[in-house]
Amino acid sequence: MTGRTGQGRARRVRRAAVAAVLAAGTVLATPGTVLAAAGGLPPTQPRTADLATEYSACVSGGERPYVGSVPRLTARLYGPGGGQPGEESKVRGEFEAWWQGEGGVEERVTTTTSTLLDTAPFSWQLPDTIPDETVVSWRVRAVNDAGASAWSSEAPGAPCEFVYDRTHPDAPVVTSSDYPDDNTWTPGAGVRGTFRFAARAEDVVAFAYEFMGEPPHTADVRPDGSAEISFVPKKSGRQVLAVQAQDRAGNRGPRTSYTFLIGEGPAPVARWKLADATGARSAAAENGTAARAGAGVAFGAPAPSGTPLTSTASLDGSGHGFLTPGAPAVVDTAKDFAVGGWVRPARVDGTRTVLSQDAGTGRAFTLGLTQAGSAPAWSFAVGGARVTGGLPETGDWAYVLGQYDAGTGTARLYVNGRAVGEEAAAVPAAGEGAFQIGRARGALGYRDRWQGEIGDVRAYDRIVVPEELTALATRAARRAGHWALDTAPDGLAPETGGGAPVKLGAGASVYRLDHPCDVFDPDCVQDWPLEGDGHLRLDGVSGHAATDAPVVDTSGSFTVSARVRLTDDAPAGPMTAISQGGEHGDAFKVRFDPENSSWDLVLAHADEPGAPETVLRRIEWPDGDIGAGHRVTVVHDASANQMSFYVEGWKESEGGTAAFDTAWRSTGGLQLGRARTADGWGEHLKGVVDSVYAYEGVLSETEIQRLP
């Protein structure tokens, strides 16, 4: 009796529960229908905007994506709260994909994810059984214990579609009439060439291509299945172009390698050295037409040192100070072109023209200087665009070059081989008028006249590549002195070229190793010269050696180098190896600083007591009179307003070069072993100095490394 009574009570409880459910809602068995439960609601319908096929949005029809691998489907699913803050809940995702199989029979695959918070992304990696070249549709819905949402494909939604394409396109055909792949050398560096790519399949949408040594690029396909790109070789030699066809699924086929040979860049279309004889009334042309010279032009002016030029032309800034060939130098200003030359302004006020070309009552381009705020700046103008940069200085030589790149539609300006200013988008004006040197055309006649020297004017109908820019602007350093310090008859260490000697002061002597002992003898203890047959030894108290006059112009470009070895392994204070300065300070000095255990290049900003200083530092252990010491080298590049400090032929990548625009001309001689201090001469070196070099101009890093 007891058992039957319990079972009856359980049946009554279940009937009551069912009645409660029926009172709360209706149980529906079809997909998408709400399954209600006491106190629960089903999830909300997924939004199409929250679905993605791999990285592509959920779309259908003609916009459906093509994918190169079986994709992962992703969705954001929300519970009854719709993802609102504070209403998170847990749901499962039901994904379904289908397509028309063989014979038109529909095939479907499904999956159900684990239960996650609806703030998490839901995804499904489709199985490898997905067919290729077939439209695949998919949808998703969210499910919780209370029921299921509507499918994402139901109104207002729609199914997502994609096509899986695993067939890679064939290699494309590559051709070029400018740079043929036939093992012949074709001019050349800086000359723009066109390359054509042709597809061998209908679904190719782009070409991926890469020139050797250049970053990769892509080119879109035109309606005829081809693409054209242009390329400017930066140097001569063998070049390889690799091209792949890319289909709409992102598949890339095999590479086509296209090899071509690049010759040297063609010579300028026009060039005037302006090194004509004094009194000449025209400038001979290396290329192009001779240029008539106005009465304000005087040939035989000085040329920049360290260049192949022997002389230049001086223009007086008057209405007669000009040269012109009477014809254009740049035939088509809408294509690549460049113009440049060596210049030395006698005045930097106002607007002054080095080179220009007439365009009606205006000019197609102008190269010269202008005023940028309160200071002058170099300038290159093309059409209505202008690039400015650099700092023209009265009496200073500079190589200036303006260039228009038709491929990018930009104007660029280079000063002493370096890009200055910001390149500017330019639309060239048709400039079929005469080329002008020293003036520019205006509405009322010629204006903006140059005053100063101009030499080696060139015009190109191509791009001037980086190596050429460097070569055009390079001024070879000239050796101003070399002191071997092997001998010092009568206290004078001679300069090897017969120049001014170094005079030894008290506490300085030249040590020579005339009778070396056997290096294999354990009792062989002696001082070995750092270089050559001897070196200069300084006592650290008063020892020094110096020239009577400056060796280099410290306001211009120079290079000074010496080999130094310290006697102590724990110096008591700073010790200067080499310096050159004035009455109160040093334009530069190289000293060892024991506090930081470093060799320092110290640059005073003025010849004044307490002037600010710039310091370049290189950490090194003191020598303790052992070893070959260190070769320290100072380089001032006046054209870039930079100082660099090398130890053993190399400089720090950070801290080895500093901007320095306050260089001043020192009046004192080159000092070995001492420097100016607030109390007079001090910072005496206790150690050895050997093989000192001085150059007017900048030695390259390679040339510095070749010093002994």
Side-chain angles (χ1 to χ4, degrees), residues 51-74 97-107 109 125-138 159-183 192-232 238-260 407:
L51 313 182
T53 304
E54 203 69 52
Y55 300 108
S56 300
C58 173
V59 292
S60 59
E63 296 182 354
R64 69 177 69 94
Y66 283 72
V67 296
S69 59
V70 176
R72 175 179 292 275
L73 311 181
T74 58
W98 67 94
W99 61 90
Q100 296 296 320
E102 295 183 5
V105 178
E106 184 178 84
E107 298 184 32
V109 288
Q125 175 63 55
L126 286 169
D128 292 340
T129 55
I130 295 297
D132 66 343
E133 305 297 339
T134 301
V135 176
V136 178
S137 304
W138 67 275
C160 308
E161 294 181 349
F162 68 90
V163 176
Y164 170 37
D165 180 0
R166 62 182 179 185
T167 303
H168 290 208
D170 293 332
V173 176
V174 181
T175 56
S176 174
S177 58
D178 298 316
Y179 290 104
D181 184 2
D182 60 3
N183 208 34
R192 188 178 302 278
T194 300
F195 296 81
R196 185 176 188 273
F197 311 148
R200 291 175 171 172
E202 294 182 356
D203 64 342
V204 171
V205 297
F207 296 97
Y209 67 94
E210 183 176 352
F211 290 92
M212 184 174 61
E214 299 284 333
H217 298 277
T218 58
D220 292 334
V221 167
R222 301 182 298 193
D224 65 354
S226 69
E228 282 190 355
I229 58 103
S230 67
F231 175 65
V232 178
R238 183 180 298 273
Q239 176 61 271
V240 178
L241 166 63
V243 187
Q244 294 173 282
Q246 179 175 310
D247 65 18
R248 54 195 170 186
N251 297 312
R252 290 184 179 180
R255 292 173 178 261
T256 295
S257 292
Y258 184 91
T259 303
F260 55 101

With no hydrogens and no angle check, is any side-chain donor or acceptor of [X] less than 3.5 Å from a backbone partner on [Y]?
X	Y	result
Gln100	Thr134	no
Gln244	Arg255	no
Ser230	Arg192	no

Can you establish whether the number of heavy atoms outside [X] located under 6.0 Å from its atom [atom1] is more than 12?
X	atom1	result
Glu202	CD	no
Arg238	CZ	no
Glu133	CD	yes
Asp224	CG	yes

Restricting to pairs with a member in residues 159-172, which pass salt bridge (charged side-chain N to carboxylate O under 4.0 Å, His left out), not counting sequence neighbours? Arg64-Glu161, Asp132-Arg166
State, to 0.1 Å, how close [X] and [Y] come at their nearest heavy-atom pair, and which atoms those are.
X	Y	value
Thr53	Trp138	OG1-NE1, 3.1 Å
Val204	Pro169	CG2-CB, 3.9 Å
Ala219	Ala227	CB-CB, 4.1 Å
Pro159	Ser60	O-CB, 3.7 Å

Just distance, no hydrogens or angles: give the donor-acceptor pairs under 3.5 Å from side chains in residues 207-214, sequence neighbours left out.
{"residue": "Glu214", "atom": "OE2", "partner": "Lys234", "partner atom": "NZ", "Å": "3.4"}

Any [X] side-chain heavy atom under 4.5 Å of [Y] side chain:
X	Y	answer
Val174	Phe260	no
Phe197	Thr256	no
Leu126	Pro71	yes
Phe162	Glu54	no

Mind checking what makes side chain to side chain donor-acceptor pair (under 3.5 Å) contact with Asn251, not counting sequence neighbours? Asp247
With sequence neighbours left out, what residues match [X] under side chain to side chain contact (heavy atoms under 4.5 Å, CB included)?
X	answer
Ser176	Asp178, Tyr179, Phe195, Tyr258
Glu102	none
Glu107	Trp99

